[in-house]
Protein chains: 2
Amino acid sequence: MKDVVSKCPIEEVMRVLSGRWPTLLLYYLKDGTKRFSDLQRDNPTLSHRMLALELRKLEKAGIIRRTAYSGYPLRVDYDLTASGHTLVPLIDALGDWWEERAEGRVESIETKTQKPLIKAA
Amino acid sequence: MKDVVSKCPIEEVMRVLSGRWPTLLLYYLKDGTKRFSDLQRDNPTLSHRMLALELRKLEKAGIIRRTAYSGYPLRVDYDLTASGHTLVPLIDALGDWWEERAEGRVESIETKTQKPLIKAA
DNA sequence: TGTAAATTACGCACTATTTTGTAACCAGGA
DNA sequence: TCCTGGTTACAAAATAGTGCGTAATTTACA
């Protein structure tokens, strides 16, 4: 992650979408506006720190929009931008691809050491 | 990464595609068969060990195929499976999406601390 | 009436966990 | 012995979790 200038758009999208949370958040948000605390409740295994970090990242990437209201008890809304909405079907397509290619597969993605198959030349 | 059974296909694809290397390797391989050493040469910033690990992961995910030949200076070929090939355009779509949404943007993805905007309720 | 407590969305410092890099080693064949 | 592809052990680095602090206003309660 030393490269400041990355030439490839794919590398850049992946930098934003990599990890467990970005796509998950995308999914919680695609149905409408949510508050920080909603997202926390929706996913208890995501720490508030991570949530804040991921939300910022997605915001900078122009995928979500953050709206803060002055007043107490404090309130901040998050929702998808237009860009964010166009992203959803692309991610869906990946999910569909996975399911198709997973037909009949039982192997998990766990990395176990395995003996390589040897084919003759 | 405690979840052994992940319900969501999107979560699973992202587990495979997350990080710098998977999509990159996909790109090096989409033009045809490559050997381990080719891939090493193509991307010098990717360590020997990482290359081996990523290749295994992609293989288990059914994206690439590994073919080992018994014979002299040892030789192993990698190429995309049929599934792998159908994945390429989906990743391309993400790249295109990024470029479109990036129009006119100068902001990098660097995470700087920034004061939140306050809107009135 | 005064004051303490609760509320919400984080920031910060510190720790734990995971991922990645380094380097050394291994196996099989000419 | 050298070569290729790969593994293992250990170190370094990146990433994620924990828990406290805070702001400004309302509510709780003696």
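Each chain gets a letter, A, B and so on, in the order the sequences are listed, and its residues count up from 1.
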Novice: Over how many whole Å does the gap from B:R56 atom CZ to C:dT20 atom P extend?
Specialist: 17 Å
Novice: Supply the atom-to-atom distance B:L80 CG to B:L58 CG, rounded to the nearest 0.5 angstrom.
Specialist: 9.0 Å
Novice: Write down the atom of B:R20, the atom of A:E11, and the distance for their closest heavy-atom approach.
Specialist: NH2-OE2, 3.9 Å
Novice: Please list, pair by pair, any protein nitrogen or oxygen found under 3.5 Å from a nitrogen or oxygen in nucleotides 2-4 of chain C.
Specialist:
none

Novice: How many angstroms lie between atom CG of B:L51 and atom CG of B:L39, to the nearest 0.5 angstrom?
Specialist: 5.5 Å
Novice: Taking NZ, NE, NH1 and NH2 as the nitrogens, is one of them in B:E59 or B:R56 under 4.0 Å from a carboxylate oxygen of the other?
Specialist: yes
Novice: How far apart are the closest heavy atoms of B:M14 and A:G19, and which atoms are they?
Specialist: CB-O, 4.3 Å
Novice: Between A:E12 and A:R15, is the closest basic N to carboxylate O distance under 4.0 Å?
Specialist: no
Novice: Mind jotting down which residue pairs meet the salt bridge (Lys or Arg N to Asp or Glu O under 4.0 Å) criterion with at least one end in residues 26-39 of chain A? Sequence neighbours excluded, please.
Specialist: A:K34-A:D42, A:D38-A:R41
Novice: Which heavy atom of B:V16 sits nearest a heavy atom of B:P22, and at what distance?
Specialist: O-CG, 3.3 Å
Novice: Specify the separation, in whole Å, of atom CZ of A:R20 and atom C1' of C:dT17.
Specialist: 14 Å
Novice: Roughly, in whole Å, what's the span from CE in B:M50 to P in D:dA11?
Specialist: 18 Å
Novice: Tell me whether the rings of B:H48 and B:F36 are parallel (<30°), tilted (30 to 60°) or perpendicular (>60°).
Specialist: perpendicular
Novice: Expressed as a whole number of angstroms, how long is the span from A:L24:CG to D:dA16:P?
Specialist: 13 Å
Novice: Distance check: side-chain N/O of B:R35 vs OP1/OP2 of D:dG5, anything under 4.0 Å?
Specialist: yes
Novice: What's the CG-P distance between A:D77 and C:dC10, to the nearest Å?
Specialist: 11 Å
Novice: Distance check needed: C:dA9 P versus A:L39 CG, whole Å only.
Specialist: 10 Å
Novice: Quick one: is A:R66 getting a side-chain N or O under 4.0 Å of the C:dA9 phosphate, OP1 or OP2?
Specialist: no
Novice: In whole angstroms, how far is the P atom of D:dA16 from the CG atom of A:L51?
Specialist: 13 Å
Novice: Roughly, in whole Å, what's the span from CD in B:E54 to C1' in D:dG5?
Specialist: 17 Å
Novice: Give every pair of a protein N or O atom and an N or O atom of nucleotides 23-28 of chain C that lie under 3.5 Å apart, one pair per line with the distance.
Specialist:
none

Novice: Starting the side chain at C-beta, find the nucleotide from D:dG5, C:dT8, C:dG11 nearest to B:S37.
Specialist: D:dG5
